[in-house]
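Below, each value reflects all heavy atoms present in this structure, side chains not excepted, and no hydrogens, waters or symmetry copies. Since the structure is predicted, the reported quantities are computational estimates derived from the model, not experimental observations.
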Amino acid sequence: MATSAVHWTVNSSDTRRPIFFSSPFRQIPTKNFNISCRSAKSPPKSPPDLAEPTTNKKKNKNPSLSLSEQLQPLTTTTLSDPPPPQDQSQLISKPKSIWVNPAKPKRSVLSLQRQKRSLYSYNPQVRDLRGFAHKLNDCDATKVAFLAALEEIPHPPTRENALLILNSLKPWQKTHMFFNWVKSQNLFPVETIFYNVTMKSLRFGRQFQLIEELAEEMIRDEIELDNITYSTIITCAKRSKLFDKAVEWFERMYKTGLMPDEVTYSAILDVYAKLGKVEEVLSLYERGRASGWKPDPIAFSVLGKMFGEAGDYDGIRYVLQEMAALGVEPNLVVYNTLLEAMGKAGKPGLARSLFEEMVESGLTPNEKTLTALVKIYGKARWARDALELWERMRSNKWPMDFILYNTLLNMCADLGLEEEARMLFEDMKQSERCRPDSWSYTAMLNIYGSGGNVDEAMKLFEEMSELGIELNVMGCTCLIQGLGKARRFGDMVRVFDVAVEKGVKPDDRLCGCLLSVVSLCEETEDEDRVLSCLQQANPKLVTHVQVLQDKKIGFETIKDEFRDVIGRTAVESRRPFCNCLIDICRNKNNHERAHELLYLGTLYGLYPGLHNKTAREWCLDVRSLSIGAAHTALEEWMGTLYKIVEREEALPEMFSAQTGSGSHKFSQGLSHSFGSHVKKLAAPFRQSEEKAGSFVATREDLVSWAQSQAPSLAVTTA
DNA sequence: CTAGGGTTAG
């Protein structure tokens, strides 16, 4: 079975080192680590759009100053600390040094004292009041019903009683009405804490506008806004994705002369992090540190998440290093965040070491930890680690939830672990809390569909209909892929029709899948059936398929239409489309068109790295090509090489063609069929003995091959 | 729980 981990040995030795506290990074003095330099590296971006070039986005669309620029004058005007002693020599030698020696602290940007909360005194009427609050929660949400229910208040609404009730109200509408009622009673001054409690409840309902109105009311009525008020406003804006509002309120706080404490400060760090403003976050972080702040695990979790989103491994290392330097022990959330980040930065080995370190430190992983790790092992195709982890999860009775189950199923799909997936799926069906949902079924359809187990896949399809579980576009794609490969065109058309009827909107991946099924059709009748499905999803693509077969149509016309079709296609589906179109043309013996399409695909950047040249070796890398496209590329290459030999131009010592060895269970076959085509063309390549899926030739092989060819035969062989 | 900040799926 395909369970052996091909890549395991590559990664086994180098990454088992622990990361925290004993890591090699620990020795690097934090002081010398220049943050402003490291953010110069930008993370890799998605491939360019065919239609329009990437535009340079301006950082601040707002003409006003950035926050860090604003902080500078604010700290000099509103904060009372004396300026640091001027050191003339240092000013001259390092005028722009960002790093500040903690021995001579700079003016503060945050208060090191967390705001104190007032203590609740014991209220003997707690039970009554809480019961009453529950009644209010349950009553009708209309104003009339609410005011009627208020009549039954068991004790007079003193300050303490009102606060207790306010704290126990659940839907935001009720909290809001009660708050307004308390204000209207005029029994006592409504202080900050009342506003804060009300805002917290409004935040649950994402009622930012109401929160903002309350804040303006506080300013108007001269009720103090404190750190709790501001952090509630900021996080509500953040959760509603109103990031500019979050920043606005943070700046308003500074303008009133109130210093943020660390809670407000890390809330705003998270706002900038979610905006992707890495430099701003680092600048704020650093200035906080320079103020003598010792960040806590929550702040580090914010930084870790930000670097993870950017896929920035250096950033993750920086977080680890800062924690080690400050002696901050990571907690479970920090570990979870950093594991996830390691995955996004493409460091499975380091994620594994970090996880082991976490377990050794005595923490028990939770569902999120395990989900992150399973996802990483699946993506890295580390079957052995994945299965070992699963075993540990079971024997240690680590917590499971349905997201973890579904992630395990996806991992099985990635690794082709059909038996294991079947067991997991059965476990889920037996369980109380983790019944299979649409995601679970999709994962199973993926496994059965790509594994060629069409009967099982169809069984699940019927089961889903019976249980009323929604078939989504990915599940549909997996099923159609499997049915197409098995040439069960009738079932395929039926599944497509049912899916569309149930509201599945075909996307480009599904169209690509239908197109690949077209390339598998031998009978015109079958082809027409599949094309009629594709017609509903993407009529332009169908027209293009037909136009390609018309040999009277010239290259320029084909080029324009191809450009148009591919330009409308999602980036990740462009190459598959082109591959399928080439396959279809070759099946119809239209080789000339296939060569044109490969040329166009290369022209529009769909096959980057197809041909790699070094002084020593030229390499044709067909790993991302379909069989037909790989054959076309080989013919094209041989033609080119023949011409080069003929013109006696310079050649390297070695030539190789890479098909890949099919480490993915379902991608085998390319190497085999490429090998046959090499034989058919009588090309001088032979299978490499050291490296599976690699075909090699020397310069001598190639030259004698070229000389043995009659010039007329050399270029295209059908 | 008894006014505020951070983490899970193509």
### Message
Using a heavy-atom cut-off of 4.0 Å across all strands, would you classify A:Thr264 as base, sugar-phosphate, or nothing?
### Response
base
### Message
Within the 4.0 Å heavy-atom criterion, would you say A:Ser118 contacts the bases, only the backbone, or no part of the nucleic acid?
### Response
base
### Message
Any base atoms under 4.0 Å from A:Val197, or only sugar-phosphate, or nothing? Heavy atoms, all strands.
### Response
sugar-phosphate
### Message
So A:Asn410, base contact, sugar-phosphate only, or nothing? Heavy-atom distance under 4.0 Å.
### Response
nothing
### Query
Okay, side chain of A:Tyr254, backbone of A:Val109: is any donor-acceptor separation there less than 3.5 Å?
yes
## Note on the structure
From NZ of A:Lys200 across to P of B:dG4 the rounded distance in Å is 4 Å
### Message
Applying a 4.0 Å non-hydrogen cut-off, can you work out what A:Thr442 is touching in the nucleic acid: base, sugar-phosphate, or nothing?
### Response
base
#### Entry: Donor-acceptor side-chain pairing of A:Asp437 and A:Ser440 below 3.5 angstrom
yes
### Query
Quick one: does A:Asn167 reach the base of B:dT2 with a side-chain donor-acceptor pair under 3.5 Å?
no
### Query
Can you find a pair of side-chain heavy atoms, one from A:Asp261 and one from A:Gln113, that are under 4.5 Å apart?
no
### Query
To the nearest angstrom, how far is A:Asn331 atom CG from B:dG6 atom C1'?
9 Å
### Message
Using a 4.0 Å heavy-atom cut-off, does A:Lys238 contact any base of the nucleic acid, only the sugar-phosphate backbone, or nothing at all?
### Response
sugar-phosphate
### Query
Separation of A:Leu303 atom CG from B:dG5 atom P, in whole Å?
18 Å
### Query
OP1, OP2 of B:dG10 versus side-chain N and O of A:Lys375: anything below 4.0 Å?
yes
### Message
Can you say whether a donor on the side chain of A:Asp296 sits under 3.5 Å from an acceptor on the base of B:dG5, or the other way round?
### Response
yes
### Query
Looking across every strand, which nucleic acid part, if any, lies under 4.0 Å from A:Arg509 by heavy atom: base, sugar-phosphate, or nothing?
nothing
### Query
What is the nucleic acid contact for A:Lys379, judged by heavy atoms within less than 4.0 Å: base, sugar-phosphate only, or nothing?
nothing
### Task
Tell whether A:Arg114 reaches the base of B:dG5 with its side chain through a donor-acceptor pair below 3.5 angstrom.
yes
### Given A:Ile268, A:Leu242, A:Asp270, A:Val247, the one that forms side-chain contact (heavy atoms from CB on, under 4.5 Å) with A:Ile234
A:Ile268
### Message
Applying a 4.0 Å non-hydrogen cut-off, can you work out what A:Tyr230 is touching in the nucleic acid: base, sugar-phosphate, or nothing?
### Response
nothing
### Message
Quick check: any donor-acceptor pair below 3.5 Å linking the side-chain of A:Thr232 to the base of B:dG4?
### Response
no
### Message
Tell me the interatomic distance from A:Arg239, atom CZ, to B:dT7, atom C1', rounded to whole angstroms.
### Response
13 Å
## Note on the structure
Whole-Å distance, A:Met323 CE to B:dG6 P, equals 17 Å
### Query
So, does the side chain of A:Asn366 form a donor-acceptor pair with the base of B:dT7 at under 3.5 Å?
no
### Task
Give one of base, sugar-phosphate or nothing for A:Asn123, where a contact means two heavy atoms less than 4.0 Å apart.
nothing
### Message
By the 4.0 Å heavy-atom rule, please label A:Ser266 as base, sugar-phosphate, or nothing.
### Response
base
